[in-house]
Peer 1: 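Have a look at the structure that comes next, please.
Computed from a predicted model, the values in this text were never measured in an experiment. Excluded from the calculations below are hydrogen atoms, water molecules and symmetry mates; all remaining heavy atoms, backbone and side chain alike, are included. Every chain is numbered from 1 and lettered A, B, ... according to where its sequence line falls, protein lines coming before strand lines.
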Amino acid sequence: MSSENDKINELNSDNENSSKTETKDFIRTIIDQHNKSGRFNGVVHTRFPPEPNGYLHIGHAKAICISFGIAEEYGGVTNLRFDDTNPTKEETKYANAIMQDIKWLGFDWGDRLFHASDYFDQLYDWAVLLINKGVAFVDDLSAEEMREYRGTLTEAGKESPYRNRTIEENLNLFEKMKKGEFPDGAKTLRAKIDMASGNMNMRDPVMYRIMRATHHRTGDKWYIYPTYDWAHGQSDSIEKITHSLCDLSFEDHRPLYDWFLDQLEVHHPQQAEFARLNINYTITSKRKLRQLVEQDIVDGWDDPRMPTLSGLRRRGFTPKSVRTFVEKLGIAKKRDSVADIALLEHGLRDELNATSSRRMAVLKPLKVVITNYPENQIEEFEAVNNPEDESAGVRKVYFSREIYIEAGDFVEVAPNRKYFRLALGKEVRLKHTYYITCDEAVKDDSGNIVELRCTYDPESKGGSTPDGRKVRGTLHWVSTHDAVDAEVRLYSHLFTKESPDADNDFLEHVNPQSLEILSGCKLEPSLLNLKAGENCQFLRHGYFCIDSKNSSEDKPVFNRSVTLKDSWTVKKK
RNA sequence: UGGGGCGUCGUCAAGCGGUAAGACACUAGCCUUUGACGCUAGCAUUCGUAGGUUCGAAUCCUGCCGCCCCAGCCA
């Protein structure tokens with residue numbers, strides 16, 4: 001009886017706990033288990049290991065947030081280590097850009113900046129150790145021969161004819177490889193594992209290749225370079241990493257890393273693999289992004305349409321919005337998952353709604369003359385900077401007889417009673433100021449509307465009238481006398497197809513309208529004071545920032561980071 | 001006839017034998033000096049599928065089916 005009660009109590013308390021406890025992903029669950037068992041004495045030490053051969057993109061942001069974020073959460077730290085084992089592809093300029101991007105995201109590796117190349121000597125010594133153990137050998141097979149000997153996915157491979165050289169011979173040959181006595185590609189050092197393994201990575205993988213290339217850090221010291229597979233696990237081990245978090249493509253390599261570490265009898269991190277981040281309407285393949293840049297389809301790696309961190313930054317995305325996005329997506333092992341770009345955009349809007357000042361900007365101007373408003377009169381109005389944040393204060397806006405409104409806010413005949421923007425005979429409110437009614441649309445010879453003639457109601461000053469009549473439509477405006485001219489760039493998805501990555505001809509799906517450049521936009525003058533890197537809401541349009549590359553004092557250029565949600569155009573359809 | 005993974009709402013994703021969280025998206029309505037924001041409501045009788053075990057299964061067992069990754073001296 002009593003044991004039954006205990007069980008029920010246990011169940012109840014479990015339920016209470018589970019309803020309060022946050023759900024954990026499989027990586028945090030593994031760490032919890034380690035902490036419970038004491039495997040790493042409660043230490044969580046991760047690393048982020050990029051290859052300095054390109055720019056970081058949103059997919060890397062996920063890996064960064066996971067490795068840095070989880071370590072931080074468990075009171076641990078994260079190393080930044082450049083995996084620079086292939087001198088033909090790596091450059092210092094990429095390393096610098098990568099560091100800048102990680103810092104921008106808000107993560108810090110302290111004084112723990114490392115390079116796989118820091119360990120080249122140790123790696124060499126360990127290779128000698130494996131030769132001495134009889135589990136590594138120098139092979140003379142060419143690349144093509146090796147491929148033939150490797151077998152296929154369903155057939156076992158054949159052992160290399162050089163596999164049974166004596167330890168002395170291997171030692172001698174390996175040293176000569178190091179001294180540069182053989183031409184590039186003539187020999188390799190291979191691990192002696194199992195040519196019949198179902199796991200291709202275990203079929204005597206290459207540990208060293210001969211490569212006469214100047215390394216961006218070690219210069220011309222080496223003629224041989226370790227492969228990633230040989231360097232990676234040991235680098236983690238040397239740095240006493242506890243949890244090596246990486247993407248699913250290294251799942252198959254884990255047995256190999258474990259094998260090396262076991263042979264060497266050194267510190268053994270736990271590797272865990274998660275699914276990479278894919279996002280719809282974009283691509284996250286370094287190779288394909290490079291193509292966009294090299295074929296001038298975009299304006300460089302930091303083009304605001306690019307999913308690179310530098311592109312997102314220039315577009316006006318905040319580090320927080322990127323981190324929130326990654327957190328909300330969660331971590332799992334579903335390889336083909338594709339995140340909705342709308343979630344990233346939602347996070348940005350959510351953040352900026354709370355923090356950005358509002359300003360009025362007319363993107364496609366239409367001149368309005370308020371015929372009953374005194375000429376040469378300028379009236380000052382106070383405008384709230386951010387209705388979501390009183391501390392943001394107020395600013396002054398100046399109203400006059402001639403203003404600009406958005407051309408799209410006027411049609412001659414209202415399409416239905418749900419339409420409450422401006423039309424002939426209709427009344428709308430001008431934000432912060434007066435009601436106006438449209439009397440006449442002036443057209444040019446070809447019938448284009450070039451000017452509106454309206455009358456205002458002096459009683460409506462401030463945006464409401466004594467009679468309390470309802471005016472549903474509120475338009476933003478800018479006075480002609482103090483409007484500032486600017487260029488505004490509107491962006492939309494770089495691709496028209498949800499999963500352009502699936503296609504090899506992904507370039508065919510590039511959205512020809514992903515960039516719309518508007519010139520002659522009319523802005524509220526206070527916008528000239530917007531600081532670089534600061535976001536601002538253009539009322540009824542979206543969030544904008546100054547373009548860091550093309551903007552100048554005399555010719556301001558703004559980027560649209562994200563639109564405001566718009567239920568009207570949805571309804572219209 | 002190889003090895004490794006994955007299949008829960010349109011999307012991402014919880015769930016770990018006790019009767020399907022949450023977020024985004026979407027829909028309807030309210031509010032509104034941004035058709036924004038906010039608020040309210042709706043949105044998986046069902047967890048790839050077929051059996052089995054069990055009082056009870058998304059969760060355990062078995063068999064199918066589907067999708068993805070691996071044959072660089074790239075990382």
Peer 1: Within this structure, what is the NZ-to-P distance between A/Lys426 and B/G35, rounded to whole angstrom?
Peer 2: 12 Å
Peer 1: Could you state the CZ-C1' distance from A/Phe420 to B/U32, rounded to the nearest angstrom?
Peer 2: 10 Å
Peer 1: Measure from CZ on A/Arg421 to P on B/U34 and round the result to the nearest Å.
Peer 2: 13 Å
Peer 1: Measure from the side-chain heavy atoms of A/Asp252 and tell me the nearest of B/U32, B/C69, B/C74.
Peer 2: B/C69
Peer 1: Looking at the side chain of A/Lys334, which of B/U34, B/C12, B/C68 is the nearest nucleotide?
Peer 2: B/C12
Peer 1: Are OP1 or OP2 of B/A75 and a side-chain N or O of A/Arg209 less than 4.0 angstrom apart?
Peer 2: yes
Peer 1: Ring centres of A/Phe82 and A/His115 under 6.0 Å apart?
Peer 2: yes
Peer 1: Can you say whether a donor on the side chain of A/Glu155 sits under 3.5 Å from an acceptor on the base of B/U1, or the other way round?
Peer 2: no
Peer 1: Rounded off to whole Å, could you give me the CD-to-P distance for the A/Gln537 and B/G35 pair?
Peer 2: 10 Å
Peer 1: Using a 4.0 Å heavy-atom cut-off across all strands, classify A/Met202 as base, sugar-phosphate, or nothing.
Peer 2: nothing
Peer 1: Taking atom types as modelled, is there a side-chain donor on A/Ser526 or A/Arg359 under 3.5 Å from an acceptor on the other?
Peer 2: yes
Peer 1: Whole Å only: how far is the CG atom of A/Asn353 from the P atom of B/U32?
Peer 2: 18 Å
Peer 1: Taking atom P in both B/G66 and B/G52, compute the distance separating them and give it to the nearest angstrom.
Peer 2: 23 Å
Peer 1: Under 3.5 Å, is there a donor on one side chain and an acceptor on the other for A/Thr29 and A/Asp32?
Peer 2: no
Peer 1: Roughly how many Å apart are B/A23 and B/G15, using the C1' atom of each and rounding to a whole number?
Peer 2: 16 Å
Peer 1: Which part of the nucleic acid, if any, lies within contact of A/Arg190, taking any heavy atom under 4.0 Å across all strands shown: a base, the sugar-phosphate backbone alone, or nothing?
Peer 2: nothing
Peer 1: Just compare B/A75, B/C26, B/C73 and give me whichever is closest to any side-chain atom of A/Glu51.
Peer 2: B/A75
Peer 1: Taking atom types as modelled and ignoring hydrogens, do the side chains of A/Ser321 and A/Thr318 form a donor-acceptor contact shorter than 3.5 angstrom?
Peer 2: yes
Peer 1: So A/Leu329, base contact, sugar-phosphate only, or nothing? Heavy-atom distance under 4.0 Å.
Peer 2: sugar-phosphate
Peer 1: A/Tyr225 near the nucleic acid: base, sugar-phosphate alone, or nothing, with a heavy-atom cut-off under 4.0 Å?
Peer 2: nothing
Peer 1: If you pin A/Asp350 and A/Thr433 to their nearest nucleotides in RNA chain B, which one's is more 5'?
Peer 2: A/Thr433
Peer 1: Determine the interatomic distance between C1' on B/G22 and the same-named atom on B/U8; round to the nearest Å.
Peer 2: 14 Å
Peer 1: Would A/Lys497 count as a cation-pi partner of A/Tyr281, with NZ or CZ less than 6.0 Å from the six-membered ring centre and within 45° of the ring normal?
Peer 2: no
Peer 1: Starting the side chain at C-beta, find the nucleotide from B/C68, B/C69, B/C26 nearest to A/Asp336.
Peer 2: B/C68
Peer 1: Base, sugar-phosphate or nothing for A/Pro49? Non-hydrogen atoms, less than 4.0 Å.
Peer 2: nothing
Peer 1: Heavy atoms under 4.0 Å, any strand shown: does A/Ile331 hit a base, just sugar-phosphate, or nothing?
Peer 2: sugar-phosphate
Peer 1: Is a donor-acceptor pair below 3.5 Å formed from side chain A/Arg147 to base B/G72, judging by atom type as modelled?
Peer 2: no
Peer 1: Please determine, for the side chain of A/Ser567, which listed nucleotide (B/A36, B/A71, B/G4) has the closest atom?
Peer 2: B/A36
Peer 1: Provide, to the nearest angstrom, the distance between the CD atom belonging to A/Glu406 and the P atom belonging to B/G35.
Peer 2: 12 Å
Peer 1: Of the listed nucleotides (B/C74, B/A75, B/G10), which one gets closest to any side-chain atom of A/Lys89?
Peer 2: B/C74
Peer 1: Side chain of A/Ala332, heavy atoms from C-beta onward: which of B/A25, B/A13, B/A23 has the nearest atom to it?
Peer 2: B/A13
Peer 1: What distance, rounded to whole Å, do you find between the two P atoms, one in B/A41 and one in B/A13?
Peer 2: 28 Å
Peer 1: So among A/Phe399, A/Tyr456, A/Phe410, which one has a ring-ring contact (aromatic ring centres under 6.0 Å, His included) with A/Trp477?
Peer 2: A/Phe399
Peer 1: Taking only side-chain N and O atoms of A/Arg358, does any of them lie within less than 4.0 angstrom of OP1 or OP2 on B/C37?
Peer 2: no
Peer 1: Would you indicate what A/Val338 reaches in the nucleic acid, counting non-hydrogen atoms under 4.0 angstrom: base, sugar-phosphate, or nothing?
Peer 2: sugar-phosphate
Peer 1: With a 6.0 Å cut-off on ring centres, are A/Tyr223 and A/Phe182 close enough?
Peer 2: no
Peer 1: Give one of base, sugar-phosphate or nothing for A/His253, where a contact means two heavy atoms less than 4.0 Å apart.
Peer 2: base
Peer 1: Under 3.5 Å for both donor-acceptor distances, Watson-Crick or wobble: does B/C6 have a partner, and if so which one?
Peer 2: B/G66
Peer 1: Think A/Lys565 has a side-chain N or O under 4.0 angstrom from the OP1 or OP2 of B/C26?
Peer 2: yes
Peer 1: Mind telling me if B/G72 is syn or anti? Syn here is a glycosidic angle within 90° of 0.
Peer 2: syn
Peer 1: Would you check if the distance from the ring center of A/Phe558 to the ring center of A/Phe544 is below 6.0 Å?
Peer 2: no
Peer 1: The side chain of A/Thr152 lies closest to which of these nucleotides: B/A23, B/A14, B/A71?
Peer 2: B/A71
Peer 1: Using whole Å, what does the distance between atom C1' of nucleotide B/A36 and atom CZ of A/Arg540 come to?
Peer 2: 10 Å
Peer 1: Find the distance A/His346:NE2 to B/G22:C1' and express it as a whole number of Å.
Peer 2: 13 Å
Peer 1: Compare side-chain N and O positions of A/Arg254 against OP1 and OP2 of B/G3 and report whether any pair is under 4.0 Å apart.
Peer 2: no
Peer 1: Does A/Thr569 put a side-chain nitrogen or oxygen below 4.0 Å from OP1 or OP2 of B/G35?
Peer 2: no
Peer 1: What's the closest nucleotide to the side chain of A/Met200 if the choices are B/U34, B/C73, B/G2?
Peer 2: B/G2
Peer 1: Is the distance from OP1 or OP2 of B/G72 to the nearest side-chain N or O of A/Arg150 less than 4.0 Å?
Peer 2: yes
Peer 1: Taking for each residue the nucleotide of RNA chain B with the nearest heavy atom, is it A/Lys431 or A/Glu388 whose nucleotide lies nearer the 5' end?
Peer 2: A/Lys431
Peer 1: Within the 4.0 Å heavy-atom criterion, would you say A/Gly185 contacts the bases, only the backbone, or no part of the nucleic acid?
Peer 2: base
Peer 1: Roughly how many Å apart are B/U49 and B/C67, using the P atom of each and rounding to a whole number?
Peer 2: 16 Å
Peer 1: Taking only the C1' atom of each, what is the distance from B/U62 to B/U54 in whole angstrom?
Peer 2: 16 Å
Peer 1: Let's test this: given Watson-Crick or G-U wobble pairing with both distances under 3.5 Å, identify the partner of B/G42.
Peer 2: B/C26
Peer 1: How is A/Thr474 classified with respect to the nucleic acid when contacts are heavy atoms under 4.0 Å: base, sugar-phosphate, or nothing?
Peer 2: sugar-phosphate
Peer 1: Does a donor on one side chain sit under 3.5 Å from an acceptor on the other, for A/Asn79 and A/Glu239?
Peer 2: yes
Peer 1: On a whole-Å scale, what distance lies between the C1' atoms belonging to B/C43 and B/A25?
Peer 2: 11 Å
Peer 1: Looking at CG of A/Leu130 and CH2 of A/Trp259, how far apart are the two atoms once the value is rounded to the nearest 0.5 Å?
Peer 2: 6.0 Å
Peer 1: Report yes or no: is there a donor-acceptor pair, N or O only, under 3.5 Å between the side chain of A/Asn199 and the base of B/G4?
Peer 2: no
Peer 1: Please measure how far the C1' atom in B/C61 lies from the corresponding atom in B/A14, and state the result in whole Å.
Peer 2: 25 Å
Peer 1: Which listed nucleotide (B/C12, B/G3, B/C73) is nearest to the side chain of A/Ala143?
Peer 2: B/C73
Peer 1: Partner of B/C60 by Watson-Crick or G-U wobble geometry, both contacts under 3.5 Å, or none?
Peer 2: B/G52
Peer 1: For A/Thr85, report the nucleic acid contact type (base, sugar-phosphate, nothing); a contact means any heavy atom under 4.0 Å.
Peer 2: sugar-phosphate
